[in-house]
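Below: one structure, written as structure tokens.
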Amino acid sequence: MKSASERFEMIDRQQWKDLVQARLEVMFENSGKEGTLPPVVVQVPPKPEMGDLAFPLFAFAKVFGKSPVELATSLTEDINSLSDRPEGQAFAAGPYMNVRVDMASLIEKLCEKVEKEGSSFGSTNILDGKKVMVEFSCPNTNKPLHLGHVRNDCLGNSISAILKASGATVMKVNLINNRGVHICKSMLAYIKFGNGESPESTGIKGDHYVGSWYVRFNSWAKEEPTAEEQAQQMLVKWEQGDKETLELWKKMNKWTIDGISKTYEDTGISFDKYYYESDTYKLGKDKVIEGLERGVFQKQEDGAIYIDNSDIGLDKKILLRKDGTSIYITQDIGTAINRHEDWPFDSLVYVVASEQQYHFKVLFHVLDKLGCSWAKDLHHLSYGMVFLPEGKMKSREGTVVDADDLMIQLTAMAREEISEKGRDKDLEDPDKTAHDIALGALNYYMLQFDPQKDVTFNPKESLSFNGNTGPYIQYMGARISSILRNYTASEDLYKGTEFNASLLANEEEREMFKLCGSLPELVAKSAQSYDPSVLCSFLYDLCKIFSHWYHDNQVLNPDDKALSVARIQLCKVVLASLKSAMALIGIPFLEKM
RNA sequence: GGGCGCAUAGCUUAAUGGAUAAAGCGUAUCCCUCCGGAGGAUAAAAUGCGGGUUCGAUUCCCGCUGUGCCUACCA
């Protein structure tokens, strides 16, 4: 059976692979030797001039009693003598047999496909009919977003777009963490020292304003030993529904959420549904008790309910406190079950940092024990931590990279660069362009690495628009757009000239078509591995080849109309591929910049 | 202590068990009478240590060293 991604391949590797396997078997039979042949592997040669497909023959040397080099020679002869082989040429390359496929027909097919599919080029149907819920962001309402949240948001937003492009119906959900003792801390500091001020009266963005009281609490707590206790008492009052406490809580929550919403808006992040922890934190308690009654959980002597995880090699985990109140995992059990009842998903993806891997392992196991057949459909998209050169970011010590500050800084840098390059007069709205460039830089930076891996953010070195960056990608899009505008302006010159795909035959042109043609399988791959970085690499590779190519190859040349028309076709395919992939990783496309 | 990761050029990152380990930044040197130089070209520079599996290991296995996270009746 073919794997999902192979259905989108422009070059039919499977066909070649089957052919090679079949011919090797014939050769083996004719040799009269005994034994079984190992399976054929097909790979991509490391350099374009080595062809499009490669078949290493090392593994066959032993059974044939011949060197891989000899095998490559005879296999190549055999294959090239076949009249009904797929279009293309085989050639021996040391211990490999490589294949150069016939590009002209592939190019024509690809151009048609791109023309037909337009901005949806690259999408696939591997998840058709699937309902996928993606939970991400999940901020606390006691402080503004920092770089760690930004990685989460970019990933969640991008992976949702990628899943959608794979045919799934996606529900993006955010669970606002708006209760708990940490929330009470900023409230308490505000009561003590706030003097009734507000974001409006101080002109400070709401989330930053509340965050400043959280910081204030922590400095106060260093002098005041009862501070922590007072915060705890406030939480008790909150849980008892104390009117004044609730009112302040509502007011301050709104300040923060309004502020965070602005950040979302500013960074292109959106959700289909918001959940609030204050509404959901009690869910799950019944489920845990139910589990106890069914004997899948146990009760300690002091009354706390726990699950024994020794069957999966983990420690036991408390699920309900001895006083009967919920903890973090109790709530997650409840919300998962609740969500599945609300919107029966085929899959639920939690975008949460790797530090919570243990938590999710336990959570999924608990749900499985509770008899949720869909527990196997839960996926923790665990991403690595974002560190600064000095180490981990700490809110309390003020060593965080603030999300808003970062955007402001990037936007200012972009705006300055626009002026420096004298582009103001060419742009309709230089400020908006600057903002889009900042957004491109941010998203590309956050998504270019393997999500699993920790990243180090060096502010000085990371904030760049040159080299392997979002703006570089945007720039190539703008340059191609510019060429296409020039073409349109002089279209009369080229009227009546037919597109001839065989004029696009140099290595770079072949490479670009091959790359663009592989976009659907790359989108499928990024969906299956929950990894947008695949698309970042695609974009960068494509732009790099295009940059080099158009530096040496004039696209528009009235003296050679056929060549110009062919190259314009290439530009169109590249541009469509860029646009599609950029949309999936949140890089705004710019006609001009 | 136990569990889960990670270790590739000076720095930040790539590389389905296969061909000369790929880029960006930084460094050095070139290129605008050429569709917009946020560009292009050239150069120096790397698989932590020790075993194993394999025809072949950056990739898989074991040990060591270093490093990060988790190991709450916090979230």
Side-chain angles (χ1 to χ4, degrees), chain A residues 41-47 50 54 56 58-62 67-68 93-96 98 138 140 177 179-183 277 281 300 302-306 313-315 317-332 353-359 361 382 384-385 387 389 391-392 414 417-418 420-423 426 437 441 445 448-450 452-458 460-462 464-476 478-480 482-487 490 525 533 537 540-541 544 547-548 550-557 564 567 571 592-593:
Chain A
V41 267
V42 56
Q43 27 185 249
V44 179
K47 297 258 161 99
M50 295 167 149
F58 305 96
F60 299 92
K62 197 177 265 177
S67 77
Y96 295 84
N98 291 2
C138 306
N140 291 330
N177 191 340
R179 61 163 291 279
V181 71
H182 53 295
I183 306 295
E277 206 185 60
Y281 79 105
Q300 289 183 169
D302 64 6
I305 300 175
Y306 69 95
L314 302 177
D315 286 339
K317 169 78 189 174
I318 301 286
L319 302 176
L320 205 56
R321 290 193 184 99
K322 63 183 171 199
D323 62 6
T325 56
S326 300
I327 57 173
Y328 184 54
I329 194 164
T330 326
Q331 156 193 219
D332 267 357
S354 59
E355 56 189 354
Q356 294 197 35
Q357 280 180 16
Y358 186 86
H359 169 76
K361 217 179 260 182
S382 155
M385 314 286 285
F387 296 104
K392 196 175 179 179
E417 196 145 343
I418 288 170
E420 260 177 33
K421 294 179 193 301
R423 299 287 304 159
D426 295 297
I437 291 169
Y445 186 83
Q448 66 180 312
F449 313 118
D450 181 341
Q452 311 281 117
K453 292 197 174 172
D454 294 342
V455 302
T456 305
F457 180 83
N458 184 330
K460 285 189 197 103
E461 290 171 13
S462 306
S464 164
F465 299 155
N466 300 323
N468 188 356
T469 63
Y472 172 76
I473 311 286
Q474 289 173 312
Y475 178 72
M476 289 322 305
R479 289 303 306 274
I480 298 172
S482 173
I483 293 171
L484 290 175
R485 275 195 304 273
N486 293 339
Y487 171 72
S490 58
K525 184 181 168 191
S533 74
S537 303
Y540 184 67
D541 290 345
K544 199 158 166 50
S547 275
H548 184 257
Y550 94 125
H551 185 264
D552 296 342
N553 297 280
Q554 183 81 17
V555 174
L556 295 175
N557 176 7
S564 301
R567 287 178 172 172
C571 288
K592 296 177 180 176
M593 65 186 280

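Worth saying up front: this structure is predicted, and the values here are computed from it rather than measured. Here is the naming used below: chain letters follow the sequence lines, and residue numbers restart at 1 for every chain.
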B/rA75, B/rA19, B/rC35: which one has an atom nearest the side-chain heavy atoms of A/Met50?
-> B/rA19

Nearest-Å distance once atom C1' is located in both B/rG51 and B/rA9 | 27 Å

In whole angstrom, give the distance that lies between atom NZ of A/Lys361 and atom C1' of B/rG2.
-> 13 Å

Between B/rG40, B/rG36, B/rA14, which nucleotide gets closest to the side-chain atoms of A/Tyr472?
-> B/rG40

Minimum-distance nucleotide to A/Tyr358 side chain [options: B/rU71, B/rG40, B/rG36] | B/rU71

Using the C1' atom on both, measure B/rC31 against B/rC49 and round to a whole Å.
-> 45 Å

Counting side-chain heavy atoms from CB outward, which of B/rA19, B/rG36, B/rC35 is closest to A/Leu556?
-> B/rC35

Which of these nucleotides, B/rU16, B/rG36, B/rA75, is closest to any side-chain atom of A/Gln43?
-> B/rU16

If the P atom of B/rA7 is compared with that of B/rA14, how far apart are they to the nearest Å?
-> 9 Å

Using a 4.0 Å cut-off on protein heavy atoms (strictly under), produce a 5'-to-3' string for nucleotides 54-61 of chain B with B for base contact, S for backbone-only sugar-phosphate contact, and - for none.
-> -B------

Side chain of A/Ala54 only, please: which of B/rG36, B/rA19, B/rA14 is the nearest?
-> B/rA19

Is the closest side-chain donor-acceptor distance between A/Thr325 and A/Asp323 under 3.5 Å?
-> yes

Residue A/Gln356, side-chain heavy atoms: nucleotide from B/rU13, B/rA75, B/rG36 that is nearest = B/rA75

Is any side-chain N or O of A/Lys453 closer than 4.0 Å to OP1 or OP2 of B/rC6?
-> no

Euclidean distance for C1', B/rG50 against B/rG66 (whole angstrom) = 15 Å

Have a look at B/rC64 and give me syn or anti from its glycosidic angle (syn if within 90° of zero).
-> anti

Between B/rA44 and B/rG17, how far is it from one P atom to the other, in whole Å?
-> 30 Å

Would you give a per-nucleotide map of nucleotides 21-31 of chain B, 5' to 3', where B means the base has a protein non-hydrogen atom under 4.0 Å away, S means only the sugar-phosphate does, and - means neither?
-> --SSS------

Tell me whether the OP1 or OP2 atom of B/rG37 has a side-chain N or O from A/Arg479 closer than 4.0 Å.
-> yes

Tell me, with the steps shown, if A/Tyr475 and A/Phe465 meet ring-ring contact (aromatic ring centres under 6.0 Å, His included).
-> CA-CA 10 Å; A/Tyr475 178 72; A/Phe465 299 155; over 10 Å; no

